[in-house]
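Bear in mind that the values here come from a model prediction, so they are computed numbers and not experimental data.
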Amino acid sequence: MVVVAHWAEHVAQAIQVYVLGWPLPDALGVLGEFFPWLVRSEWMHYGYALLMLIGLVALRKGFTGRARTWWNVSLGIQIWHHLEHLLLLLQALTHHNLLGRPAPTSILQLVFPRMELHLFYNAVVFVPMVVAMILHRRPRESERANMACTCASSPSYG
């Protein structure tokens with residue numbers, strides 16, 4: 001639910017900018033309408049990135065075979081996403097921004113706008129995570145033998 005809610009926030013912000021025509025500083029997603037200070041806080045964004053990273057690491061052992069591969073892809077991208085948010089947080093805390101920029105700036109933000117970049121990050125972490133969950137629920141027999149849980153669908157014989 002946390003992942004979907006975060007994803008919805010980024011989509012809402014994109015809709016506010018591209019559909020409703022709001023200026024970027026006013027487009028704060030749904031939460032930002034009620035808690036603008038929270039959405040502008042690098043702590044909140046870093047906290048989400050860290051929570052996501054911890055969740056991906058903690059759940060990793062439950063995946064095997066093809067599902068583990070896709071989960072690892074999601075995890076690898078989230079590691080980078082987390083590092084980008086750590087860089088942003090450190091800049092906000094020290095008031096020393098990357099390359100003298102006027103605001104905290106991540107590495108890929110030097111090339112891509114922040115809103116679009118983080119919408120992209122959330123998509124490229126979310127998609128392989130969903131693929132992993134689907135593959136986990138529909139394992140091959142060789143993968144099923146290595147599973148520690150019973151949440152996979154029963155094999156169909158027909």
Parallel, tilted or perpendicular, as decided by the 30° and 60° cut-offs, for the rings of F126 and W7: parallel
Determine the minimum heavy-atom distance between I79 and L53, stating which atoms define it. CG1-CD1, 3.6 Å
Assess the residue pair L93 and W43 against the criterion (side-chain contact (heavy atoms from CB on, under 4.5 Å)); give the C-alpha distance rounded to whole Å, side-chain angles, the decisive distance to 0.1 Å, and a yes or no. CA-CA 10 Å; L93 292 174; W43 277 109; 3.8 Å; yes
If you measure only the distance, is there a donor-acceptor pair under 3.5 Å linking the side chains of H82 and Y46? yes
Here the pair of heavy atoms bringing R101 nearest to L110 is NH2-CD2, 3.3 Å
Does W80 form a side-chain contact (heavy atoms from CB on, under 4.5 Å) with L108? I'd like the steps, not just the answer. CA-CA 10 Å; W80 175 257; L108 287 183; 3.7 Å; yes
Report yes or no: do H81 and E84 form a side-chain donor-acceptor pair below 3.5 Å? no
Non-hydrogen side-chain atoms of Q109 and L88 separated by less than 4.5 Å: yes
Got a donor-acceptor contact below 3.5 angstrom from the Q78 side chain to the A49 backbone? yes
Contact between H6 and H118 at the side-chain level, heavy atoms closer than 4.5 Å - yes or no? no
How close do N146 and S142 get, counting heavy atoms only, and between which atoms? ND2-O, 3.4 Å
Pair M133-W70, side-chain contact (heavy atoms from CB on, under 4.5 Å): steps then yes or no: CA-CA 9 Å; M133 289 187 281; W70 283 95; over 6 Å; no
Side chain proximity check, S106 to R114, heavy atoms < 4.5 angstrom: no
List the atom of L98, the atom of L87, and the distance in Å for their closest heavy-atom pair. CD2-CD2, 4.3 Å
How far apart are the C-alpha atoms of R68 and L135, what are their side-chain angles, what is the distance that settles it, and do they pass the side-chain contact (heavy atoms from CB on, under 4.5 Å) test? CA-CA 9 Å; R68 169 71 74 90; L135 292 173; over 6 Å; no
Mark yes or no for whether T94, through its side chain, and L90, through its backbone, hold a donor-acceptor pair below 3.5 Å. yes
Check: V30 main-chain N/O paired with E33 side-chain donor or acceptor under 3.5 Å: no
Output yes when a side-chain donor or acceptor of R60 lies under 3.5 Å from a complementary backbone atom of W71, and no otherwise. no
Report yes if the side chains of V3 and Y48 come closer than 4.5 Å at any heavy-atom pair, otherwise no. yes
Side-chain donor or acceptor of Q16 paired with backbone N/O of D26 under 3.5 Å: no
Find out whether M115 and P113 are in side-chain contact, i.e. whether some heavy atom of one side chain is under 4.5 Å from a heavy atom of the other. no
Heavy atoms only: give me the nearest H136-G62 pair and the separation to one decimal. CE1-O, 3.1 Å
Return yes if some donor-acceptor pair links the side-chain N/O of E9 with the main-chain N/O of L31 below 3.5 Å, else return no. yes
Look up atom CG in L59 and atom CD1 in I54, then write down how far apart they are to the nearest 0.5 Å. 11.5 Å
Under the 3.5 angstrom rule, does the side chain of T64 hit a backbone N or O of M147 as a donor-acceptor pair? no
On a heavy-atom basis, which atom in S74 and which in V125 lie closest, and how many Å separate them? OG-O, 2.7 Å
